[in-house]
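One structure below.
The figures that follow rest on heavy atoms only: side chains count, while hydrogens, waters and symmetry mates do not. Sequence lines set the chain letters: A, B, ... in the order given, protein chains first and strands last, and positions in each chain run from 1.
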2 protein chains.
Amino acid sequence: MDIQNTQSQMRKGVLEFCILSIIQQGEVYPSDIVEKMKLANLHILEGTLYPLLTRLKNAGLLNYRWVESISGPPRKYFVMTEEGKAAFAVLLQTWKEMTTAVDQLTQEKTNTAENSNQAVS
Amino acid sequence: MDIQNTQSQMRKGVLEFCILSIIQQGEVYPSDIVEKMKLANLHILEGTLYPLLTRLKNAGLLNYRWVESISGPPRKYFVMTEEGKAAFAVLLQTWKEMTTAVDQLTQEKTNTAENSNQAVS
DNA sequence: TTACAATACATTGATTTACAATATATTATA
DNA sequence: TATAATATATTGTAAATCAATGTATTGTAA
């Protein structure tokens, strides 16, 4: 029940960061993103991705250009703006700091209420 | 604008995991959790924490016991159930796998739409 | 003894967002 | 001409965090 929800929360938290990371590595259209995320075991649905890309574009972090396809309708290829690159650099730093903090948090020693109560003033 | 929101999403994603981690290390009451999270730069408000703890208790992962305080009303000290410990072990594994996946994702080479288009069939 | 401050548990309403389902449009193929 | 595959996009629902506020207990000071 709840554990799957917690796992889901963890994955949701890094969605935007990962998508920015993918786009920074090169032009992609939405299906590319879905596929790359799937390979990383971070599944995302189109109904989630499209509004998210629109959000990031409206925030000035992304742009897109239409590219004709030989096997279907034209595609929106997304690219990072300069603002987007700067934002990603900040997010990468945030990611590193957060993982360090969480890793530390999960490795701390065990206490009991009785011997750790001095925290209260 | 949006970058703070993305940072916030990242932190939200690990809230439950971190709180379970803290409780697994020893009995704590909510204010302890707020303080420990703050030290890890993962701020959480009481309005978020109380429903979350209730959720985890209803899911069978936590229990609590009342402990009298010398400086205020009695406190609910939370402890892990056996089920909670098992769930945390799974989540720790999920966390490790996810960070590995995200770290790989952020370190991949750069492509362009032109030279990576073979992904389409 | 009364009032106030500090501490602690708890709820409510608003906002955000992921998801499932579905809609619309284009291209190739049967 | 109809169908399948591909692609962009929207709608309604559910879940969860947050800010604000409420309720209760204890100690201290007037």
### Task
Using a cut-off of strictly less than 4.0 Å, decide whether S31(B) has a side-chain nitrogen or oxygen near OP1 or OP2 of dA8(C).
yes
## Note on the structure
Stems for DNA chain D (at least 3 consecutive Watson-Crick or G-U pairs, under 3.5 Å) come to C:1-30 with D:1-30
### Query
Is the side chain of T94(A) donor-acceptor paired with the backbone N or O of V90(A) at a distance under 3.5 Å, no angle test?
yes
### Distance below 4.0 Å between Y29(B) side-chain N/O and dA8(C) OP1 or OP2
yes
### Message
Pairing donors with acceptors under 3.5 angstrom, does anything connect the side chains of S21(B) and Q25(B)?
### Response
yes
### Query
Among dT17(D), dA24(D), dA20(C), which nucleotide sits nearest the side chain of L15(B)?
dT17(D)
### Rounded interatomic separation in angstrom, taking CG from L62(A) and C1' from dT8(D)
16 Å
## Note on the structure
By nearest-nucleotide position on DNA chain D, the 5'-leaning member of T48(B) and T54(A) is T54(A)
### Close side-chain approach of L53(A) and I33(A), heavy atoms under 4.5 Å
yes
### Task
Find the distance R55(A):CZ to dT10(D):P and express it as a whole number of Å.
14 Å
### Task
Examine dA25(C): is either OP1 or OP2 under 4.0 Å from a nitrogen or oxygen in the side chain of R75(A)? Give yes or no.
no
### Query
So, is K76(B) close to the dA10(C) phosphate, meaning a side-chain N or O under 4.0 Å from OP1 or OP2?
yes
### Task
Can you label the angle between the F17(B) ring and the F88(B) ring as parallel, tilted or perpendicular, going by 30° and 60°?
parallel
### Query
What nucleotide, of dA8(C), dC19(C), dT26(C), holds the atom closest to the side chain of I44(A)?
dC19(C)
### Message
Looking at S8(B) and Q4(B), would you say the former's side chain and the latter's main chain have a donor-acceptor pair under 3.5 Å?
### Response
no
#### Entry: salt_bridge(K85(B), E82(B)) N-O dist < 4.0 Å
yes
### Task
With heavy atoms under 4.0 Å as the rule, sort Q9(B) into base, sugar-phosphate or nothing.
sugar-phosphate
### Query
Less than 4.0 Å between a side-chain N and a carboxylate O, is that true for E68(B) and R75(B)?
no
### Query
When you measure from the side chain of E46(B), which nucleotide among dT26(D), dC9(C), dC19(C) comes out closest?
dC9(C)
### Query
Want to settle it: does K12(A) or P51(A) sit nearer the 5' end of DNA chain D, counting the closest nucleotide to each?
P51(A)
### Selected nucleotide, minimal atom distance to L45(A) side chain, candidates dA20(C), dT17(D), dA8(C)
dA20(C)
### Query
Which listed nucleotide (dA8(C), dT17(C), dT6(D)) is nearest to the side chain of P73(A)?
dT6(D)
